[in-house]
Amino acid sequence: MNRSLAIGFTMLILLLLMAFIGPYVSYIDRNIEHLGAVYTDDGILVPPFSPSIDFLLGSDRQGRDVLSLLVVGARETLFVLLAIVAIRFACAGVLGIGAYYSSVMKALLALWNQVFSFMPSIFFVLFVMGLPFILFSEQRQLWFILTIALVEAGRSAKILHGSIEQVSKKSYVEAGIVSGCSPLTLFTRYFWPSLRIPLVTNFITDMGRALFLLAQFAVIGVFLQFSFDSLRYGGVDTVNNSYIWPSLLHNIHQDILSAQWVVLSTVGIIAYTMMTFHFLSDGIGNYYEKKYNRIQ
């Protein structure tokens with residue numbers, strides 16, 4: 001039995017139910033209301049509220065129900081991850097496959113990796129997002145997604161190019177080259193059957209990597225979608241307008257001391273999602289490896 005695939009598929013089903021059906025459960029606050037001070041028999045309570053019957057996972061510092069934030073933000077989080085990795089692999093496909101057929105593309109891939117390996121991904125994204133024409137653009141969210149996708153596209157392209165190089169040394173590929181197959185026929189009939197499974201598994205794994213990277217940005221106060229808010233005593237601050245899970249970590253330095261339930265709930269769902277992608281990727285890889293061995 002393929003336990004990894006079974007576990008990963010079950011966890012994915014639960015995640016999808018949470019994302020697409022969860023917001024319609026009566027207990028979930030789809031409008032994400034902000035609550036201020038609450039008067040009780042024991043006195044006045046101010047947010048963040050600790051876990052209780054009214055707030056199963058507590059509330060954040062704005063009085064928003066954490067459980068509702070996680071459920072409502074699930075769909076947006078998954079869509080953002082899918083968009084980042086889809087753009088990344090589209091670019092990686094052009095670079096990786098093109099590098100095998102063209103020396104110019106191969107040089108471009110080498111240059112791409114050299115440029116983006118010069119500094120950690122997080123610093124490069126911060127530099128790009130700090131550019132005035134991007135920072136004040138109405139399309140900041142698209143720029144943010146595009147930048148994160150492209151930063152590690154070279155790494156994925158390098159892996160793809162390496163896989164193509166390995167497959168090209170197989171005897172059946174050499175036979176196709178000798179028989180005069182066109183580059184398109186050579187790729188679709190000889191390369192693609194060997195590359196599709198690694199591509200699928202790497203695609204799923206990269207969704208977990210993208211989620212972890214978004215969490216790092218949230219910790220340092222870089223949000224996927226935000227607006228500018230004037231401070232009472234002068235100056236401007238950025239206010240998060242997104243419900244994706246990592247955004248709940250922006251007050252982690254304070255919450256870890258006084259509202260641990262916010263941190264634990266957010267880290268828990270992020271860890272759950274990353275484990276889901278890990279089990280799925282591992283299970284799919286094991287399934288096709290066993291299938292291939294049976295054919296052999």
Side-chain angles (χ1 to χ4, degrees), residues 1-16 19 77-102 105-106 109 112-113 121 148-179 181-213 271-296:
M1 178 181 178
N2 193 335
R3 293 184 179 180
S4 294
L5 184 59
I7 294 174
F9 186 74
T10 302
M11 295 175 69
L12 179 63
I13 291 298
L14 295 176
L15 197 60
L16 294 177
T77 302
L78 294 177
F79 280 148
V80 167
L81 295 178
L82 186 60
I84 290 174
V85 180
I87 295 173
R88 178 181 300 168
F89 270 69
C91 182
V94 173
L95 285 173
I97 298 172
Y100 176 76
Y101 290 104
S102 169
M105 292 296 291
K106 189 173 183 178
L109 175 59
W112 189 291
N113 282 317
S121 301
I148 293 178
L150 295 182
V151 161
E152 295 200 4
R155 176 189 58 82
S156 300
K158 187 176 181 180
I159 295 174
L160 176 59
H161 179 257
S163 300
I164 294 176
E165 290 284 357
Q166 290 181 353
V167 176
S168 66
K169 298 177 182 178
K170 303 292 185 181
S171 57
Y172 61 86
V173 176
E174 294 178 354
I177 296 175
V178 173
S179 64
C181 290
S182 65
L184 179 60
T185 302
L186 191 66
F187 179 79
T188 55
R189 292 187 179 182
Y190 294 91
F191 287 113
W192 179 245
S194 299
L195 294 175
R196 58 185 179 182
I197 303 307
L199 279 176
V200 170
T201 55
N202 287 329
F203 187 97
I204 296 173
T205 301
D206 263 31
M207 291 185 69
R209 291 171 57 89
L211 179 57
F212 184 71
L213 186 59
Y272 174 90
T273 305
M274 292 180 67
M275 289 175 61
T276 300
F277 295 144
H278 169 74
F279 282 122
L280 274 177
S281 177
D282 186 59
I284 292 173
N286 291 337
Y287 171 79
Y288 280 99
E289 183 179 358
K290 292 179 179 178
K291 182 178 180 180
Y292 177 79
N293 290 335
R294 286 198 301 267
I295 294 175
Q296 293 294 319

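The figures that follow rest on heavy atoms only: side chains count, while hydrogens, waters and symmetry mates do not. Remember, predicted model here, so these are calculated numbers, not experimental data. The first residue of the sequence shown is numbered 1, and numbering continues consecutively from there.
- Within the 4.5 Å cutoff, the side chain of Thr273 has no heavy atoms near those of the Phe212 side chain.
- In terms of heavy-atom proximity, Arg88 sits nearest to Ser156 at CD-OG, 3.8 Å.
- Annotation: side chain of Asn202 is in contact with side chain of Phe89 (closest heavy-atom distance under 4.5 Å).
- Note that OH of Tyr101 is 14.0 Å distant from NZ of Lys106, once rounded to the nearest 0.5 Å.
- Under the side chain to side chain donor-acceptor pair (under 3.5 Å) criterion, Thr205 pairs with Ser281, not counting sequence neighbours.
- Side-chain contact between Leu211 and Thr77: present, with at least one pair of heavy atoms (C-beta onward) separated by less than 4.5 Å.
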For this session: Kindly indicate, with the supporting measurements, whether the criterion side-chain contact (heavy atoms from CB on, under 4.5 Å) is fulfilled by Leu15 and Tyr272.
Result: CA-CA 9 Å; Leu15 197 60; Tyr272 174 90; 4.1 Å; yes

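- Across Ala92 and Ala153, no two heavy atoms sit closer than the pair CB-O, 3.6 Å.
- With respect to Asp206, the side chain to side chain contact (heavy atoms under 4.5 Å, CB included) criterion is satisfied by exactly one of Val85, Ile84, Thr201: Val85.
- Annotation: side chain of Cys91 is in contact with side chain of Leu150 (closest heavy-atom distance under 4.5 Å).
- Nearest approach of Ser194 to Val167, heavy atoms of both residues: CB-CG2, 3.9 Å.
- Annotation for Phe203: atom CZ counts as buried by contact number, over 12 foreign heavy atoms lying within 6.0 Å.
- Closest non-hydrogen pair, Leu195 versus Ser163, comes out as CD2-CB, 3.5 Å.
- Relative ring orientation between Phe187 and Trp192 is described as tilted, the plane-to-plane angle lying within the 30° to 60° band.
- Counting all heavy atoms, side chain and backbone alike, Leu160 lies closest to Gly93 at CD2-CA, 3.7 Å.
- Side chains of Leu12 and Phe279 form no contact here, defined as non-hydrogen atoms less than 4.5 Å apart.
- Here Ile204 contributes atom CD1 and Leu199 contributes atom CG; the two are 11.5 Å apart, rounded to the nearest 0.5 Å.
- Between Leu14 and Thr276, every side-chain heavy-atom pair lies at or beyond the 4.5 Å cut-off.
- With rounding to the nearest 0.5 angstrom, the CZ atom of Arg155 is 10.0 Å from the CG atom of Asn113.
- Counting heavy atoms from C-beta on, the side chains of His278 and Met11 never come closer than 4.5 Å.
- Residues Phe191 and Ile97 form no side-chain contact, since every pair of their non-hydrogen atoms from C-beta on lies 4.5 Å or further apart.
- The shortest non-hydrogen separation linking Ala99 to His161 is CB-CD2, 3.5 Å.
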